[in-house]
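Here's the structure, in C-alpha cells; my notes come after.
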Amino acid sequence: MAEGLIVRSLRDGSLPGEHAPALCLEDSLPSPLASHSHAVFRHLLTSLLSTGTGTAVVLVAFHRSPSFYLSLLSPTFHNSIRLLDCYSDPLAWKPNHHPPPPSHSPQNITLLTNLNHLPHFLSSILHLAKDLGAQGHERVTVAIDSVTHMLRHAPLPSVLQLLTNLRCHEKISSLFWLIHTDLHEPKVISSFEYISTMIASLQPIVQLPDYANANISASITSLEENYSKAKFNLRLKRRNGRVKLLCEELLIEQGSVKFSSVPSVSSVVAQNLIPKVQFNIQLSDKERMDRANVVLPFEHQGNGQNIEIYDGRRSLSESQNDPSSIKIGGLSEQKRSNNNKSEKGEIHYIRDSDDEQPDSDEDPDDDLDI
Amino acid sequence: MAEVGDLLAEAMGHSLPVGKVVLVGDCVETSGAFVLHLLLKRCLSLDSSFAVFVALSHPFSHYDRVLRKMGCNLSVQKKNGKLHFLELLDFSARSKENSVDDGFCKLYNEIRKAVETARSKDTKASCVYIMIDDISLLEIAADGSENDVLNFLHYCSTLTSEMDCLLIILNHEDVYSSEEAPRLLAHLQHLSDIEIRAAPLNTGLAADVHGQLTVINKGLLNDDRRSGRRIWNFQFKVKENSVEFFYPGSQH
C-alpha cells in the first residue's frame with residue numbers, strides 16, 4: 001500500500017497552483033539496507049516508468065556511474081530517462097583532452113563538471129526536463145541520488161532553494177531524493193522533511209546499539225537479518241494538513257524489493273505520536289466515567305424527559321418508550337407536565353452514539369482520496 | 001594463483017572483485033596492515049595485473065621487506081612495471097602554488113594516468129588494484145579538510161567503474177571513534193562495497209590468535225551472488241611469511 005501511494009502521488013503530480021509532490025527517502029548505516037536503499041530507489045524508478053502514462057525521469061547521478069543506473073533498468077525504459085552525470089567529473093579534475101568512457105551513451109547522459117555552481121546545475125536539470133517534454137512525455141519526475149553529495153558542494157539553504165525551485169517549475173511534475181541521515185545533523189534532515197510531501201525512512205528490523213563500533217561477532221545473525229529485511233515507515237502529508245502514517249516491512253530478494261504490510265505496528269506508531277508534554281492529556285478511568293455521566297446541553301429540556309441516543313435502527317418515537325433510555329434524576333414530574341403543554345420553542349438534541357467524542361471535529365469526508 | 005587465505009578469499013568473493021571499494025578498518029590494539037600486504041601480494045602474483053600503492057605511512061623499504069618474507073619481491077615488480085609506488089611520507093596537498101583541492105587533483109591524475117598506461121599496455125589485465133595507506137594521514141595532508149579527502153576518494157572510486165579497478169583503503173577507525181568526528185568514518189562506510197574490520201578478541205590477548213576479522217560484503221544490486229551470505233567473522237594469526245584464517249576453535 002505504501003508503495004502504491006508513493007507511486008500514485010509521484011505519477012499524478014500536483015494540481016494547478018500547487019508545488020510538485022516530493023518524496024524524501026531516508027536511510028542510515030544501522031540499516032544495512034542503506035547499501036540497498038538504491039534497491040528502493042531503483043524500484044521507484046521502475047514503477048514510475050512502467051505506469052505507461054507518459055512519465056519520464058531526469059535522474060541526477062552522484063553516487064554511482066550513469067551506466068550503473070542504466071544497467072539496473074530495462075532497456076525499454078532508456079528512452080524515458082535522462083541522466084545528469086554528477087559522478088564522473090563533478091569538479092572538473094579530469095584534463096580537457098580526457099575522452100569520456102566508452103560505456104557512456106551520449107544520447108541520454110549529460111556530463112556536469114561544475115557542481116559548485118548551482119544555477120548551472122538547476123538549468124541543466126530543467127534543460128533535460130524540457131528535452132523529455134519535447135519528446136511527448138507529459139510528466140517529468142526528477143530523482144536525485146543523493147542530496148548528501150549535493151550538501152558537500154553547496155550550503156544547505158542553496159540546496160533547499162534548488163529543490164523548491166524544482167517543485168515550483170511547470171515542467172517538473174514530481175521530485176524524489178535520497179539522503180543518508182547519519183551523515184547530517186538532525187536540523188538538516190528536518191529541513192528536507194519540511195519541504196517534502198512524503199517522507200519514507202528505512203530502519204533496521206533488529207536494532208543494534210552502535211553500528212560503527214558494534215561487536216559484530218556477537219550480532220552476526222541480527223546483521224544478516226537486517227540485510228534481508230527492513231522497516232519502511234512512510235509519512236504522507238495531505239493537503240488539508242492531516243498526516244497519514246504507514247509502516248510496512250520491506251524484503252530484498254535477489255535485488256528485487258517487496259513490500260508487506262504490518263498492521264500491528266501502525267498502532268504502535270500511532271501511540272508514539274502522542275506528544276510528550278509536561279501536563280497529562282490522557283483520561284483516567286474515573287475521569288472517563290465522570291465524563292460519560294455529564295449531561296450535555298440540549299440533551300434535556302429540564303422537563304425530566306429521557307436522554308435520547310439514536311441507534312440508527314428504530315424511530316425516535318419508539319426510543320422514547322425504551323426503558324433503557326437514560327433518565328435524568330432530580331427533575332420533578334410537575335415540571336415535566338408543564339413543559340409538555342408549553343408552546344415555546346424547544347431544541348431536541350439526539351446524540352448519534354454514546355461513544356461519540358464531544359470534541360470530535362473529524363471531517364467525515366477526510367478518507368476520500370480525491 | 002596463490003590464494004590470500006581461504007576464508008578471506010571466500011568472504012570477498014572467489015572471483016576477483018572489480019569495480020568495488022574495499023574499506024579495511026583497524027585499531028591500535030589490532031593492526032589491519034596485514035590485509036593490505038596480503039591483497040597486494042594476491043594482485044602481484046597474477047600474470048596479468050597492476051597495482052598503484054599510495055604510501056603515506058611507511059617508506060617503500062618497509063613494504064618491500066614485509067612482502068619479501070611473504071614471497072613477493074616488490075623491487076622486481078616495480079621494475080617490471082606491475083607496481084606504481086607513490087611514496088608520500090611528507091605529502092601535503094596544500095603548497096605555495098596550489099590549494100588543497102589542486103594538490104589532490106594532481107595526485108588523482110597521477111593515479112589515473114598510471115592506471116590508464118597499464119590498461120593501454122595490457123587491456124586484458126585481470127586485476128588492477130589502487131591501495132591507499134592510510135586515510136587518517138590523507139586527512140592530515142589535507143590540513144584536516146574532510147571534504148577535500150572525500151572529493152579525492154570519490155574520484156578514486158570513479159576509477160573502479162571506469163577502469164574496472166579495485167580501490168582498497170586502510171582506515172584507523174579508533175581515530176574517528178569520538179562523537180565529534182564520526183562523520184568521515186560514516187562517509188567511508190557508505191562509500192565502500194566491502195568492509196574488512198580487524199579487531200582484538202572479545203576475550204582479550206592470546207598467544208595463538210592475534211585477533212578477529214569481520215568481512216561485510218554488501219554486494220551490488222546486479223551482483224550474481226550464489227549465496228545470500230554477506231557477513232563473515234573469523235580469527236587470524238599473523239605469521240612471519242603468511243597469515244592463517246580459521247573459525248574459533250578450529251585452529252590446528
Side-chain angles (χ1 to χ4, degrees), chain A residues 27-29 32-36 38-39 41-43 62-68 71-72 87-95 98 100-104 146 148-149 152-153 180 182-185 210-221 223-224 226-228 252-257, chain B residues 19 25 27 101-102 104-106 108-109 112-113 116 146-148 150-152 154-155 157-158 160-163 173-174 176-177 182-187 189-193 195 197 199 201-202 212-225 228-235 248:
Chain A
D27 72 354
S28 62
L29 282 170
L33 280 171
S35 61
H36 290 303
H38 296 92
F41 201 84
R42 187 265 308 262
H43 187 75
F62 286 93
H63 186 67
R64 297 278 182 190
S65 67
S67 55
F68 171 80
S71 69
L72 297 179
Y87 167 85
S88 301
D89 192 12
L91 302 175
W93 279 15
K94 293 180 179 176
H98 185 262
S103 58
H104 280 194
S146 61
T148 294
H149 290 81
R152 290 207 299 107
H153 301 287
H180 304 308
D182 44 7
L183 298 181
H184 305 286
E185 294 175 9
D210 181 3
Y211 176 77
N213 299 317
N215 181 2
I216 292 183
S217 60
S219 53
I220 285 184
T221 308
L223 267 179
E224 285 279 7
N226 281 341
Y227 263 108
S228 58
I252 298 273
E253 292 176 354
Q254 294 179 349
S256 65
V257 174
Chain B
C27 54
D101 185 67
D102 291 333
F104 277 125
C105 176
K106 282 185 180 176
Y108 157 74
N109 279 303
R112 184 186 53 77
K113 191 176 173 184
E116 278 181 348
E146 173 185 305
N147 212 35
D148 286 309
L150 290 172
N151 286 341
F152 171 72
H154 171 81
Y155 268 89
S157 71
T158 62
T160 62
S161 56
E162 292 171 8
M163 306 269 184
E173 292 185 347
D174 43 7
Y176 303 103
S177 60
R183 215 147 282 164
L184 180 60
L185 178 58
H187 270 288
Q189 286 168 334
H190 273 286
L191 178 70
S192 63
D193 301 298
E195 282 186 55
R197 292 187 192 172
L201 294 176
N202 299 334
Q212 57 177 327
L213 209 64
T214 304
V215 181
I216 303 174
N217 194 336
K218 300 170 192 175
L220 288 177
L221 301 176
N222 50 1
D223 235 355
D224 291 327
R225 297 178 62 86
R229 187 179 177 186
R230 299 185 187 277
I231 304 173
W232 285 259
N233 179 262
F234 43 86
Q235 297 173 347

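Per chain, numbering begins at 1; letters A, B, ... match sequence-line order. In this text the structure is predicted, and so the values were computed from the model without any measurement.
Neither the backbone nor the side chain of Asp102(B) comes within less than 4.5 Å of any heavy atom of chain A. Contacts of Asn109(B) with chain A are made by side-chain atoms alone, with heavy-atom separations under 4.5 Å and no backbone atom involved. For Phe234(B), no part sits under 4.5 Å from any heavy atom of chain A, backbone or side chain.
The minimum heavy-atom distance linking Ala186(B) with Asp182(A) is given by the pair CB-O, 4.4 Å. Considering every non-hydrogen atom in both Thr160(B) and Tyr87(A), the closest pair reads OG1-OH, 4.5 Å. Here the closest non-hydrogen pair linking His190(B) and Asp27(A) is CE1-OD1, 4.4 Å. A pairwise comparison of heavy atoms in Arg152(A) and Asn147(B) identifies O-ND2, 2.7 Å as the closest pair.
The backbone N or O of His63(A) lies less than 3.5 Å from no partner atom in the side chain of His154(B), so there is not a single donor-acceptor pair.
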| request: Start with the C-alpha gap between Ser65(A) and Glu162(B), add the side-chain angles, then the distance that decides, and say whether side chain to side chain contact (heavy atoms under 4.5 Å, CB included) holds. | output: CA-CA 9 Å; Ser65(A) 67; Glu162(B) 292 171 8; over 6 Å; no
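Contact check for Ser161(B) versus Arg64(A): no side-chain heavy atoms found under the 4.5 Å cut-off. No side-chain heavy atom of Lys113(B) sits under 4.5 Å from any side-chain heavy atom of Pro95(A).
Of the inter-residue distances, the one linking Gln189(B) atom CD with Ser28(A) atom OG reads 11.5 Å to the nearest 0.5 angstrom. Taking CG from Asp101(B) and CG from Leu91(A), the interatomic distance works out to 6.5 Å, rounded to the nearest 0.5 Å.
Aromatic ring pairs are classed by plane angle as parallel below 30°, tilted from 30° to 60° and perpendicular above 60°; the pair Tyr155(B) and Trp93(A) is parallel.
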